[in-house]
Each structure stands twice: as C-alpha cells, then as structure tokens.
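Naming: A, B, ... by sequence-line order, numbering from 1 per chain.
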Amino acid sequence: MLFAEALTSALREEMERNPKLILLGEDIGRSGGVFRITVGLQARFGAERVVDTPVAEAGIVGSAVGLCLSGLQPVCELQFDAFSYPALNQILTHVSRYRWRTQGKAPMPMVIRIPCGGGVRAPELHSDSPEAYFCHTPGLTVVSPSTPADAKGLLTSALRSPDPVVFFEPKKLYRHLRGEVPDGEHLVPFGKVRTAREGSDVTLIAWGAMMEIALAAAEALATEGVSSHVCDVRTLSPLDEEGLLQAARVTGRVVIIQESPRNCSVASELAALLAEHAMYDLKAPIKRVSGFDVPHPYYSIEHHQRPDCARVVDAVHRILEA
Amino acid sequence: MLFAEALTSALREEMERNPKLILLGEDIGRSGGVFRITVGLQARFGAERVVDTPVAEAGIVGSAVGLCLSGLQPVCELQFDAFSYPALNQILTHVSRYRWRTQGKAPMPMVIRIPCGGGVRAPELHSDSPEAYFCHTPGLTVVSPSTPADAKGLLTSALRSPDPVVFFEPKKLYRHLRGEVPDGEHLVPFGKVRTAREGSDVTLIAWGAMMEIALAAAEALATEGVSSHVCDVRTLSPLDEEGLLQAARVTGRVVIIQESPRNCSVASELAALLAEHAMYDLKAPIKRVSGFDVPHPYYSIEHHQRPDCARVVDAVHRILEA
Amino acid sequence: MKPGNADPADASLPEGVDEALALELYRQMVFLRIFDERALVYHRHGRIGTWAISWGHEAIQVGAMLALKASDWAFPSYRENKLGLVRGMSPAHVLAGCRGHPQGWWDPHQWRLGAISIPVASHVPHAAGFAWGERLQGRDTVALSFFGDGATSQGEFHEGANMAGVMNAPLILLCTNNQWAISTPVHRQTRARTLADKAAGYGMLGVRVDGNDVLAVYQAVSQAAARARAGEGPTFIECLIYRAQAHAFPDDPSAYRDDTEAEQARREECVGRYANLLMRRGLLTEELAARYREEFLAKMADAIAEAEALPIPGPELAFAHAYERKTPALERDLSELQRIQAKQGTR
Amino acid sequence: MKPGNADPADASLPEGVDEALALELYRQMVFLRIFDERALVYHRHGRIGTWAISWGHEAIQVGAMLALKASDWAFPSYRENKLGLVRGMSPAHVLAGCRGHPQGWWDPHQWRLGAISIPVASHVPHAAGFAWGERLQGRDTVALSFFGDGATSQGEFHEGANMAGVMNAPLILLCTNNQWAISTPVHRQTRARTLADKAAGYGMLGVRVDGNDVLAVYQAVSQAAARARAGEGPTFIECLIYRAQAHAFPDDPSAYRDDTEAEQARREECVGRYANLLMRRGLLTEELAARYREEFLAKMADAIAEAEALPIPGPELAFAHAYERKTPALERDLSELQRIQAKQGTR
Amino acid sequence: AASNGAGASSKVLATPLTRRMAREHGLNLAEIAGSGSQGRVTKADVVAALEGRTTSNVVSQAPAVQV
Ligand SMILES: Cc1ncc(C[n+]2csc(CCOP(=O)(O)OP(=O)(O)O)c2C)c(N)n1
Ligand SMILES: Cc1ncc(C[n+]2csc(CCOP(=O)(O)OP(=O)(O)O)c2C)c(N)n1
Ligand SMILES: [Mg+2]
Ligand SMILES: [Mg+2]
Ligand SMILES: [Mg+2]
C-alpha cells in the first residue's frame, strides 16, 4: 500500500467507526486535498463531515477548538508545512493549553495533519520541517510516521488520542513509499520508538523521510563492515526517553539525522537527552546530521540542505575514529 | 540605572542619532508602553516616529517588513511574550527570510522587542519564555540581556544590526534590577558570551532573568566551597559557540539554567552543542535546570515552574557526585 | 450615536421582558458592579492581582447573558472574567482566579462558558466553531462571543467572523466598543465609520446599540439569537459605551487621555440609569436597591475571605492536565522537584 | 456583474489612455499570455516545476501595472510571479525561478516589486507598511498589492488592510476575484455579497470592476492611485473574472467543478476581447497581432534555453544571505559539506 | 571497522573522556575497578591504573620527546 493510501484508509476507517470525527481544511472535499489524502471521503461521508474551509489556517484550527468544545473531534489538514505558521497562535495559546486551563474538563481531541519536508521540487515555503516549533509546546503530541504501516497505525492512534496531535506527513513519502500494512484495525501506540534495524557499532536515530536516508546509510556502512542500529523516533514529543536511551546504549555512538534546521530542534533535544541521561554509556561525541541553519533553499539546490547518505556515512566515520 | 531605563536610553539615543528609526507597537506612544519603556519618546520624536498601532501583531510586524523596504528601520514592541505568537507567521516566513530571498538586496533591519518571562504575578499568557521558537528560525538574531549595561549595549547593537533582531526583555528585571551603565554610546557586540563570575568546579550557563538565579546559586555553592564559573549567553542565536565551549571546558561540568519549557529549547541546543564539540572535556553528564514541559502555571504556583536556587544547587551537587 | 447620553423617553419594557426579568437584569448588574468596586479595593490592598475592571460594562454583560438560554454558550475575554457570576458561579471562585490561584479555572461544560481568552480576539474562532458544531449536531444552541473594539483589528476576529458566515453558524459577535483599547482610541484602531460596518464584509447583519441601555442590549441579543436559531446565521452587534475607568489596574489613563469624557461617562453609567428607569416604572425602590447592595457586599466580604483561605497548592497541579496522562518525563521531573523541595523544607 | 460577458458598446478609450498606451497594454497582455502558454508547455515537458498559470488574468495584471508610475511598487503573490516582465525583467529570469534556480530571485528595489509572496495574503501588510513608510518620508509613491479572493479570508489581509486605513497609507488593494481558490468557490470563501463589501470595514473606498476589461482595470487603478497620492488613503478594488484554467499545474479542476463555466470564460478571455476592441478602433491589425506573437514566441524560446543553460550552483548559495555575514557555524557547516561532497565527487 | 565498538567495555560506565583515555593507552576499562558511583570508572581510576603499570608498553606509545 502507498504511504498516502495508508493515511486515507486510517481516516476512512476511523470515520466509519467514530461519527464524531469531522475533517476540515482547504480543498479536502471535492478535490480530495492537494495530496489526495482525503480523496473519496466527502463522497462517502458528506460535505458536513469533510468540509472545505476558507483559506484561513487560524480560522481552521481556531474553529476546531470550538468544535472540540461542542463534542466533535476535528481533524484539520493544513495544506503545507509553512502554512501551519498562520495557525501557530491558536495552537500555542489554545489547542495546547485548553485541557490544562480547564483542569482536564475541556480536552482538545483534535488532530492537525501537516504535510512536511522537502525533496519534492516545490516552490518556497512548501518544504519546511517545522516539527520543533510544536515539540517545544507542552500539551501537544507530535508524531511522524516513516512507513505505510506506521502511517496507518500512528494516524489511527492520533484519531483516538484524547490529546491534540500534530501529525507530520513527509510529503516525499506519499507516493514514493510502498509497504505492507496489516489488514483491519491497526494501532501503533505513541511513545514507543521503532527499531528499524539492529546493529552494534553505531546508532542512527531518525524519523519521517530521513529514515530512508538512515537505512541507506546503514546499508552503505554494512558494506564496510560497520553495523548500524537504526531507531525511528516516531513520537517526536513527548519522547520515548527510555527507548531512545536504550537505542543509544546499544552502541554508545550516536548519529541523529533530521531535515529541519538544527538550532533548538528535535535533534538538539535528543542530543541533550543523551548528554543528560546516557553520558556514561557514550563512547564518542554525538553527531547531528541536520538541515543547516538557513531557510530551505530553492529546489534546484535543496539537495545541499537535505541530509543525504554521504553526510551520514561521513558522520559515522568521524565518530568511529573519535 | 534601572534595567528599564537603560532600554529607554538606548532607544532615545539611537533615535537621536538615526532618523530612520521608527517605533511601532500597541500603546507605546502617549502611554509610553505598558512597561513604560518608550515613555517620553513620542513627546520627543513625534507621533510619526513613535506610533500607536491597532491591536494587530501580524499587522505590526508585517508592516514593519514594508517599512524596511521603504528604507526605514522599524522597532516593534510586542506587548507580552505570548502576544508574539500572532506575529509568528510574519516572522517565520518573511522577517527571517527576506534578506535571503532577495540575495541580500532587501535586508530587514528591524528590531522586535518582546518583554518575557514570569515571576511577576501576571495573568495567563503573560509569563512565557518563547525564545526557542525564534532561535529555531534561521535568519533571526535573538538576544536577551541580563544587566542594565547589557540592556543598553545589546539594544544599541540591535538598533544598528543589518539583520532582524528579536530582543527579549525579562520583565522581572525592568524595575527590579539596577546597575551601572557606561556613559554615552555603549555597544555590546552580538555573539559574545559574558563571564559573570569565574570559577573552577562547575560551569553555570544562563541568560536573562535566570542569571540572577545562577549567581545566587554560585554564592550559595561558594559557602560550601564549590567554585562556579557563570556564563551569560546573551546572544541566544546565533550562539557564540567558541565562548560556550570554552566556558564548559573551564570546569568540565555544566549546568544550564532556563525558564522556558525544556523540549527543543535553547538549553537543548546548548547541551547538544557541548555533546557534539566538547564531549571529551566533560567530566559528568550535562544538567538542564529548566522550566518543565507544561504551560506556565497560574501565578500563585509559578514558583514551582521557574528554576530557583535550590534546584540549581541540587543539580550541581548531583554532577559533582557523578 | 453617542452612548448613554439620554434616558429613553418612555419607560416601557421591550417585548419579552416582564417585570421579574426587568428586575433580575438590575439585580445582576448590581452584582457585577459591586464585584467590580470591591475587587478594585482588594486590588489596592494587594489581595488580588491585576484587575480588569468592567465598571460601566454591566448593561452589556448582563443584558447579553440574560438574553441567552441557559443552554447557550458565551465566550468571554479577560474583560468578562466575572461572567460566571451571572450564571451562579461563586464570587470566591472568580476572586481565586484574580489571586492567580488554580481554583480560578472553571469547567466550560458546567457553566457553558468558554475559558477566559487572554489573547485579544483569539476566542472568536472558538465561538464560531462551537456554534457550527452545535448546528452540525442538530442542537439549537447559540454561541455568543464577547470582545472589544481593539479586538476587531486582529486577524483571528476576521477569520472567525468570516468562517461563521460561511458555515452559517448560530453565532453572535458581541463587540463592546468602549472606544479604547488600553490607550488607543477607536479612531486609531480602525478607519471604519462604525464597527458594525465590518459586518457586511462577512455577509452578516450588523447592528449598533447603546451599550448603556441594558434593555436595548437584551433586545438586540434576543433578536440575534432568534435569527441564529432560525438558521439565519451570525449577527454582529456593536454595543457602544465609553470606558469610564482605567483599562485595568494598574493602568494610568491620565497619561493618554483627559478625564472629561470619562467623567461624563461615569455620570451616565448604566446601573444608575437603569435604576432610574425602574424606579420611574415603580419596579424598584431605593430600599430594594439598598437591599441588593447589602446582599452583594456581604457576599463579597465572604468571598474574599474564602478565596484568601485557599491553601497554595504544591507542585502536583503545575504538572497536571497538560496531557491526559502525565508523561514519564513529567513524573520524573515532579518527583525530583518534590525531593528538592522536601530537602529545602521551604515550600 | 458578470465578468467579461460583453464587449463595451463603444470602443472609446478612457481618459488618460492614448493610442500608444492602448497598444502597449495589448502588447504586454500578449507577452504575458504567451509566457503562460509556453510555460505550460515547458511544464509538461518537465522543464519547469509547478506552474501557477494566470491565463486570463492578463487584463488585471497589465492594466494595474501600467496604471502605476515607474516609481510605484507592486507586491505580487505567486499568481503574479511574472509581473516583472511588464517592467522589463527578462523571461529567462522568471523561468529560472520556475526551475527552482536561485537566479529566479530579484532585487525588489531594482524592479520596485516586492518578492513573490507564497503564503496567501501575507504580503498585504508589507504593502501597507511600505506605502505608509513612503508617505512618512515625503515621497509620493503608491503601493499596490495583488491578491486573490481566497486571500481575503486570511487574518493578514485584514490586519494589513485595517492598518493601511488607520495610517492613511497610499495603498491599492487589488483583489483578483477569479471566483476560485484552488477548488473552493468564492461563495464558500465568504458570505459577503461582494468582496468589495469588505472595504467599508476598513473605512476605505471599495470598487468593483470587470477584470476582463483592461481599460476598466487601468482606469480604476489610475483613479485609486490618484486618490492615494492626494492623501485620500487606500482603495480596495475587486476585479471580477473567472479562473478559466486549473489553479496551477499540476491540478485537476475536473475533480471539483464542471467545465462549462470555465469553457465560457475561455471564450470570453481578455486578450481576444481587447484585440477585437482595438481592431474595431483600427489600432490593431491581424498582422500586427501576429507580429507581437512571433516576437514573444521567439523571446520565450531563447529564454527557456537560457534558463536551462544556467549551471546548478554549489552549496555556497544555500548558505549565503540568511545573515549579512555567515555565522561561524555556517562557515564550518559549509566547509564540512564541501569536504564531504568533494570526497563523494558526485555533486 | 568499529574496533572500539561494542567490546568488553560496553557495560562499563564511564564518560567518553575516560573511555578515550583508556583507549589511547591501550587499557581495558573492564579490568579497572571503578571508584565512582555504581562502579563507574573515573578519569582518576584510569590515571591510577596507568601509574600502577609504569613498566608496560604504554611508555612506548607516548612521544619520546615532548616538543
Ligand atoms: C493578541 C494580544 N495582543 C495584545 C494584548 C494586550 N492587551 C490586552 S487588552 C488590550 C486592549 C484590547 O482592547 P479592546 O479589544 O478594545 O478591549 P477592552 O480592553 O477595551 O475591553 C491589549 C492590547 C492581548 N491581550 N492579546
Ligand atoms: C497561508 C497559505 N495557506 C495556503 C496556501 C496554499 N494555497 C496556494 S494558492 C491557494 C488559493 C488561493 O486562492 P486565491 O487567493 O483566490 O488566489 P488564486 O490562486 O485564485 O489566484 C492556496 C490555499 C498558501 N499558499 N498560503
Ligand atoms: Mg494570524
Ligand atoms: Mg475597548
Ligand atoms: Mg482566486
């Protein structure tokens, strides 16, 4: 099943199961969304449950807050990564705080789906990886799948979460990644890393579209006799701290791979976590292979910005030497 | 001079010097701002250079982009930390990228002043420490002073910076911290940490209002015979990496203190930086004494959230034992 | 239109307002007024924090709330932090909030009141979404969002209002135009002739009422609610008054405006004006008015004592409710903090 | 009003439009039209990326730009990414941008054109601030912001428009109501009767013109510019057309609308309509029209070749210009990257 | 590759600094008694181990002449 199809099937099955789910976003109805993730859903569930909204992200997320208060469970699609920014005020001040502000009485069981990442030859502001803004915000659960099975399983969990979930969908994977997806109901719990490959020399930690790079690097390293342990973070916030510490301890050498800029990012948090809690298990400096602290470049030169296999392999060489 | 007065004097002197500076924000004119930082400036420079705006943060920052294009140098005051969030879209998509997008031809020499932090018995959303959102955004310079001298010197540098500067003013210091400020023109360069105290056993890294806590902890530790090296980060982004690495190397044991939530924060970045580049100089795990990953609490219980001397001392004890 | 500058010529009650209701409107206005006056005193004593006074806004707050059904929801801003009183919330509860005490929270479902929205206008989309959601679920609930003249400048007011129009949400946008946003006069807030002029941009009815006239507010909201329930969509109501007091305490209006207009507004304030009307109609006596005052003054004295008696909670509460279940990291952080605080023995 | 459904009864030219200008309007429209048609072909060849077509928007883009002085500024959205052509920018330059090549950037000061704004409506406050800044500095510059019907739903449109009103900024808000925002029809975008109805909410003049009529657009913008220069503040102009094409390529409108209206719109498109008018007036011949086409087709062929010949830059450019001076960390990152790429030898 | 990888010392607690010192001097961390909390091998333990072993081949690894 395609990654995109896995997402669609999670939405479809949960909407069948749970009449409180309502989808809203720009162009998700008749057109099925610019990435075709909601295709067929309006025809199936009607225009009252799959709602085309005005071009107004704060309006979308803000009215989702109200929809939650009315007892519904809204699923917002924000069209591209950078178009989540107009909704940040709602997300930071209300979505993430309403449960807390009402001591649990008014939870916000909403999902905010955001296609993310580069490598798709897109115009400016269509290739950001903004997860850190959300991870820095207490009250949100931030998730990103890297396989079709996880796309379905994590999205299903998101759709059943009592807390607001920001769900990052690497747009590069939508129609390029195909994989097995278990039949029927499939839930992947939040807060559990996935071991994508076992190994003993170095631990590669990644998520989303960067898992492809991590696994390719692991392959390349294997040909040199270096054995990589590859860990998929999956839940970017709150982190599976135990799982991550264990993954680091397996080898004592860690490379973290991410697409976003580096400063105050998820990779920063992962490195900090290890520096606080796994220091005595580490054999070498931690390495971050990350997007640089520059805006995501024009697409003809975005390959310089996006971590690739060569950069990961180089980082591994350096910490093996270290 | 009071911390607040140091800021006012920087604004006043630079406005005298540079006719292109224009201040805009909510209630900064007649009333002099809710924190009285712009007091007297409208009377001195007129209502065209000290402009009361509508209650519209995206409008303020967005029109500042246009003011830059017209050749002016706007200084925006956003009234409280959390009221910077409505302006995030402008800051993330335009303020930080315009220079880059135009290959240097249309720089954004603006300053965005944001009163920040808790400990002032304020209502909800008046006590946030949102610096990480800005530090994660390439193209911005993010600064926070911790003394009146730095308040003046760093703000003066900000007002002369060719790049957009987000300037965090710890509101707890405004009228509680008094200190010497050099007479006349006083510039503190960006990208240079300040050694606030020399020591040999442990390095405490902090900034803004948390410097008070760091220094108090250093005093307390001194009575036990523990010698603290205290480093004021000052420029939160781009970091003075060399200065920070040196400060860490002085003692090999590091405690980072910050008020904001921890996940993907400046403290995360600092810890990651050390874990990447000073790993072999560290004698113990890094410790972060940070706000927890919860919304800033109601003010009667905010002391649980804000790092205090006891927590810092405890952290130092733990890494000295380690 | 100028707010509050004339008593209505006759003292007849509008449709739907019987004498009991007329008096209840007054009683609630007095409650809010006394709350405000006492809260200001408590603030000056240092017994509560920032006080967002709404002295002079009683006609709007009470008129609007009483025009709604008990099943309808209101979405307050900071200025309406005491709106719960009108629905039976205890004043101690509200005062606890003013003391920065966690007991100041409320359950929106219990009171059918959104949480106080501190960022100006950011709750307008909530009200829009809520109203839309109620309609989707076949309920006849109406939502009313309070906000100020300054709030109309915010993008989120715009997005919420526009969305409500498109979704035909049963929403009332109740704008308190008190002519000031802290120090900014409304003519520096917008160049629109009236704020109600904004309604056409959302394809909704815009009306303007004298916000010092509780009966006018009651009537406008009743009509808007009826339209909303009839599926005719949202209404924008501009209630014109003049902010007779400071923005909040602390705030010093003398820095930015001269007091003549405020002075005038204080003379024409809504509670006294309505009392006059009721007295002329023979519905209210000086005695009854005094009785109300006594009653509420006593309530307030008890309430502040009760609020002050609340113990300051330990750290558990700071860690609770961010998520349905505390994360392992928060569990660890909390127990660390408890260990340190125990060692210190200072908390 | 329906857009473009009738030729004006007489073919007289409006005030301020002489014959040379009338022809120049046509010539530029043909340029944009041909650019669009060729770009679509290049897109289908895979020679350029996403193509935000503005086929049918030529009357608006050219009419507005030619009504401005050379010293005035325009602020384009993605839909006006080829606006520079009207000011002499080379088509290769624009095509480079469509190829994701860094040479697609421009210097706003050189062209007096803001950078393309990708987030819908986010440049409206820029235009407002710019216009205000120009006025503050005593220049008589006017700013014009292009945006679509969908953009009027955004908070930043609202904040920019309101701010421009308050600051009395010499700004023209030029809204291209092509009745679609990707798949969303304008009646699901707002409940306002017309988009021009929004103007009153900002205290500005709102006008509505047939966006298929280049002379009408020219005239409306000229008048708005004159008002702005006279210190009378901003104007909102709604140009009504119908988006005859897909939103962009790729995008498949058949998923969300039936083609009849689009078909009709394609028949009534603005370039042919204006050609007819000019021919009736004897200003244009088939021959001249053909000559223009030839000229621009040749230009385009050269342009794509030129754009394709641009070498793909190394990483330096990705690291440049985020700050005035590269930070030490960026220096280090760049040299690391160069070391790795050199080792790989694959870049 | 990974000659210093998941060897015998992988269960030993030590900072990267301590590990590197041991590695550079050819010491097996697992053979050094740790004096730190939870048996952690400290830098001091490594220094002590080095001093207690002056006749070993360690000397030859050090530069003969300090320059
Ligand atoms: C987004 C945001 N920006 C700024 C503030 C600070 N602030 C609090 S009240 C206020 C003025 C609001 O005026 P108005 O909407 O007229 O309401 P009023 O205070 O008159 O009731 C401002 C600017 C805020 N609360 N939220
Ligand atoms: C803030 C933001 N949200 C979403 C998008 C994605 N998007 C691109 S164009 C478009 C439709 C805009 O419609 P309109 O304003 O009518 O302009 P048109 O495309 O018709 O020219 C959308 C939603 C965007 N670019 N920016
Ligand atoms: Mg906004
Ligand atoms: Mg007001
Ligand atoms: Mg459109």
Side-chain angles (χ1 to χ4, degrees), chain A residues 57-58 82-83 85-93 96-97 100-101 124-125 128 130-139 236-239 254 256 260-280 282 284-288 291-295 297 322, chain B residues 57-58 82-83 85-93 96-97 100-101 124-125 128 130-139 236-239 254 256 260-280 282 284-288 291-295 297 322:
Chain A
E57 290 76 11
F83 308 147
Y85 305 153
L88 279 172
N89 188 50
Q90 282 296 326
I91 296 171
L92 273 47
T93 64
S96 65
R97 299 190 205 220
W100 164 82
R101 184 181 291 149
E124 200 203 334
L125 292 162
D128 276 14
E131 60 271 16
Y133 296 116
F134 301 90
C135 294
H136 183 58
T137 306
L236 307 182
S237 179
L239 288 170
V254 179
I256 304 163
S260 90
R262 186 172 54 206
N263 199 350
C264 299
S265 63
V266 174
S268 314
E269 181 59 34
L270 293 170
L273 175 75
L274 302 181
E276 281 194 319
H277 298 291
M279 182 63 103
Y280 296 127
L282 293 178
I286 296 167
K287 273 270 180 197
R288 289 179 291 175
F292 306 108
D293 286 317
V294 296
Chain B
E57 289 76 12
F83 309 146
Y85 305 153
L88 280 172
N89 189 49
Q90 282 296 326
I91 297 171
L92 273 47
T93 64
S96 65
R97 300 192 204 219
W100 163 83
R101 182 181 292 150
E124 201 203 332
L125 292 161
D128 277 12
E131 61 270 15
Y133 297 116
F134 301 90
C135 294
H136 183 58
T137 306
L236 307 182
S237 179
L239 289 170
V254 179
I256 304 164
S260 90
R262 186 173 54 207
N263 199 350
C264 299
S265 63
V266 175
S268 315
E269 181 60 32
L270 293 171
L273 175 75
L274 303 181
E276 282 194 319
H277 298 291
M279 186 62 107
Y280 293 126
L282 293 178
I286 296 167
K287 273 271 177 197
R288 289 180 289 175
F292 305 107
D293 286 316
V294 296

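- Ring geometry for B/Y133 against A/Y133 counts as parallel: the plane angle stays under 30°, on a 0 to 90° scale with 60° as the upper cut.
- Most heavy-atom pairs under 4.5 Å with chain B: of the set A/L92, A/V294, A/D293, this distinction falls to A/L92.
- When each of B/N263, B/L274, B/L88 is checked for heavy-atom pairs under 4.5 Å with chain A, B/N263 comes out on top.
- For B/E124, the part lying near chain A is the side chain, with the backbone staying farther off; criterion is any non-hydrogen pair under 4.5 Å.
- Heavy atoms closer than 4.5 Å to chain A are found in the side chain of B/Y280, but not in its backbone.
- In this structure, the side chains of B/L125 and A/R101 come closer than 4.5 Å at one or more pairs of heavy atoms.
- With respect to B/C135, the side chain to side chain contact (heavy atoms under 4.5 Å, CB included) criterion is satisfied by exactly one of A/C264, A/S265, A/P261: A/C264.
- Your options are B/K287, B/M279, B/R288, and the one with the most heavy-atom pairs under 4.5 Å with chain A is B/R288.
- With a 4.5 Å cut-off on non-hydrogen atoms, B/I91 does not touch chain A at all.
- Among B/A271, B/P130, B/A132, B/S260, the residue making the largest number of heavy-atom pairs under 4.5 Å with chain A is B/A132.
- Judged purely by atom type and a 3.5 angstrom limit, A/N89 has no side-chain atom pairing as donor or acceptor with the backbone of B/Y85.
- Interface remark: B/A284 contributes backbone and side-chain atoms alike to the contact with chain A (heavy atom separation under 4.5 Å).
- In this structure, the side chain to side chain contact (heavy atoms under 4.5 Å, CB included) partners of A/P295, at least two apart in sequence or on a different chain, are B/R97, B/W100, B/P138, D/A322.
- Using a 4.5 Å cut-off between heavy atoms, A/L282 contacts chain B through its side chain alone, with no backbone atom that close.
- Between B/E276 and A/I286, the shortest heavy-atom contact is CG-O, 3.1 Å.
- Every residue two or more places apart in sequence or in another chain that forms a side chain to side chain contact (heavy atoms under 4.5 Å, CB included) with B/S96 is listed here: B/T137, B/L140.
- Between chain B and the residues A/E131, A/H136, A/R262, the largest count of heavy-atom pairs under 4.5 Å involves A/H136.
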